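All ligand and atom numbering here is 1-based and tracks the order in the structure. The model shown is predicted, which means the values in this text are computed figures rather than measured ones. For this chain, numbers begin at 1 and follow the sequence in order.
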Amino acid sequence: MAEFSIIDQFCRDIGPKHSSTKLDIGDDAAIIRPDHGTELAISVDTMVSGVHFFEDVCPKRLAHKILAVNLSDMAAMGASPKWATLALTLPKADPEWLAAFSNGLKTSAKRFGLQLIGGDTTQGPLSLSLTVIGTLPLSKALVRSGAKVGDDVYVTNTLGDAALGLALLNGKLELSPDSSAHAIDALETPEPRNEFGQSLLDIATSCLDVSDGLIGDIEHICSQSAVSIEIDFESLPLSSAYQEYINANSLDPRSISTLNYALNGGDDYELAFTAAPEDAAKVFNRANECELSVTRVGQIIERESHKVYLCSNGARLNLESSDTKSFEHFS
Ligand code: ADP
Ligand code: MG
């Protein structure tokens with residue numbers, strides 16, 4: 001298949017046509033005319049075969065994931081996702097694979113209101129790079145720098161499931177069929193929290209999405225807001241699959257290493273955010289409206305020597321550097 005038939009057959013008509021799109025696929029560049037009073041949030045995420053996914057992963061799921069990891073960045077900013085461009089590098093033009101991938105893109109793009117307006121198609125080792133563009137009311141974005149001493153720290157849903165899924169696929173552990181399916185779904189088809197992220201625009205003082213592990217990621221809030229965080233170890237939200245992993249292996253639920261997947265596992269794409277204590281009821285109400293669970297996991301304190309402290313029953317635990325190793329490329 002030639003490059004142009006790939007584009008024509010598999011990259012067109014993906015997602016809704018927004019009225020602000022003045023030009024989409026077919027010219028040298030797409031053109032967007034943003035509505036008056038809005039600003040654009042722009043982000044890119046790349047997934048490389050063998051690094052971010054197994055080469056034989058279901059193409060429909062892969063399509064969902066490249067959208068989801070980017071949508072999650074929009075959720076973390078409180079932005080409404082609108083447009084995407086996709087740089088696709090393929091080892092070969094396999095029509096069956098491309099059809100499944102394209103159908104996956106169509107389904108997920110429609111669900112999240114994202115229009116594919118351009119991209120690039122090249123031959124090489126399988127890799128996907130998606131740029132997402134969203135809109136925001138002027139100066140309202142949820143940035144990492146607004147956390148204040150005394151704010152509560154929250155996370156959505158549960159933590160560590162995607163890392164459990166990866167361990168399962170790597171044959172490092174075994175779980176019941178239901179728990180395995182839950183953990184592998186968490187890894188391969190994460191659910192970006194866009195509706196909830198947007199509902200936090202007038203509430204959260206800072207926000208990010210947890211992609212490389214909670215501890216490492218919330219350190220960014222500490223750095224950019226010049227504060228420290230105390231995380232309440234017992235409050236970390238775990239799924240029933242995670243509970244099964246603890247019980248089946250007779251792990252000590254109070255040990256940091258037991259919670260390693262939840263503290264440092266990657267690929268969760270849940271939101272971690274801060275809000276003033278007086279806004280707690282609003283936080284839980286908005287979560288209810290989005291049918292999402294939210295857990296208060298700690299609070300913002302004055303800046304101290306460490307950025308993040310893990311606490312159990314009010315006392316700080318001693319953290320070894322190996323306890324808080326989140327994922328980093330080149331390390
Ligand atoms: P150029 O040579 O100007 O870079 P291309 O020939 O690469 O343009 O692409 C032709 C058109 O198809 C452009 O509008 C481009 O945005 C679009 N396109 C190419 N690859 C993809 C893709 N994977 N997904 C969506 N649009 C694509
Ligand atoms: Mg090109």
Checklist entry - Judged by non-hydrogen atoms, does Glu3 sit under 4.0 Å from ligand 1? => result yes
Item to check | Plane angle bin for Phe112 and His64 - parallel if under 30°, tilted between 30 and 60°, otherwise perpendicular | outcome: tilted
Next on the checklist: If you apply the rule ring-ring contact (aromatic ring centres under 6.0 Å, His included), what do you find for Tyr309 with Phe233, and how did you get there?
Outcome noted: CA-CA 9 Å; Tyr309 295 92; Phe233 187 69; over 10 Å; no
Checklist entry - For ligand 1, is any non-hydrogen atom under 4.0 Å from Asp27's backbone (N, CA, C, O), its side chain (CB onward), both, or neither? => result backbone
Next on the checklist: Quick check on contacts: which atoms of ligand 1 are under 4.0 angstrom from a heavy atom of Leu86?
Outcome noted: 22 (C), 23 (N), 24 (N)
Item to check | Under-4.0 Å heavy-atom contact with ligand 1, by part of Ile7 that carries it | outcome: side chain
Item to check | Per-atom contacts of ligand 1 with Phe4, taking only distances under 4.0 Å to non-hydrogen atoms | outcome: 6 (O)
Checklist entry - Under a 4.0 Å N-O cut-off, is there an ion pair linking Glu219 with Arg144? => result no
Checklist entry - Relative to the heavy atoms of Asp28, which atoms of ligand 1 are at a distance of less than 4.0 Å? => result 3 (O)
Checklist entry - Could Lys22 and Asp27 be called an ion pair, given the rule that one side-chain N must be under 4.0 Å from one carboxylate O? => result no
Checklist outcome for this item: Ile25 heavy atoms within 4.0 Å reach ligand 1 at atoms 12 (O), 14 (O), 17 (C), 25 (C), 26 (N)
Next on the checklist: Between Asp161 and Asp185, is the side-chain contact (heavy atoms from CB on, under 4.5 Å) condition met? List the steps.
Outcome noted: CA-CA 9 Å; Asp161 297 305; Asp185 284 353; over 6 Å; no
Checklist entry - At a 4.0 Å threshold, what atoms of ligand 1 neighbour a non-hydrogen atom of Thr121? => result 19 (C), 20 (N), 21 (C), 22 (C), 23 (N)
Checklist entry - Has Arg254 got more than 12 heavy atoms of other residues, nucleotides or ligands less than 6.0 Å from its CZ? => result no
Item to check | Shortest heavy-atom approach to atom 24 (N) of ligand 1 - which of Ala29, Gly26, Cys11 | outcome: Cys11
Next on the checklist: Any salt bridge linking Asp209 with Arg193? Criterion: basic side-chain nitrogen under 4.0 Å from a carboxylate oxygen.
Outcome noted: no
Next on the checklist: Counting only nitrogen or oxygen atoms and a 3.5 angstrom limit, does Asp24 reach ligand 1?
Outcome noted: no
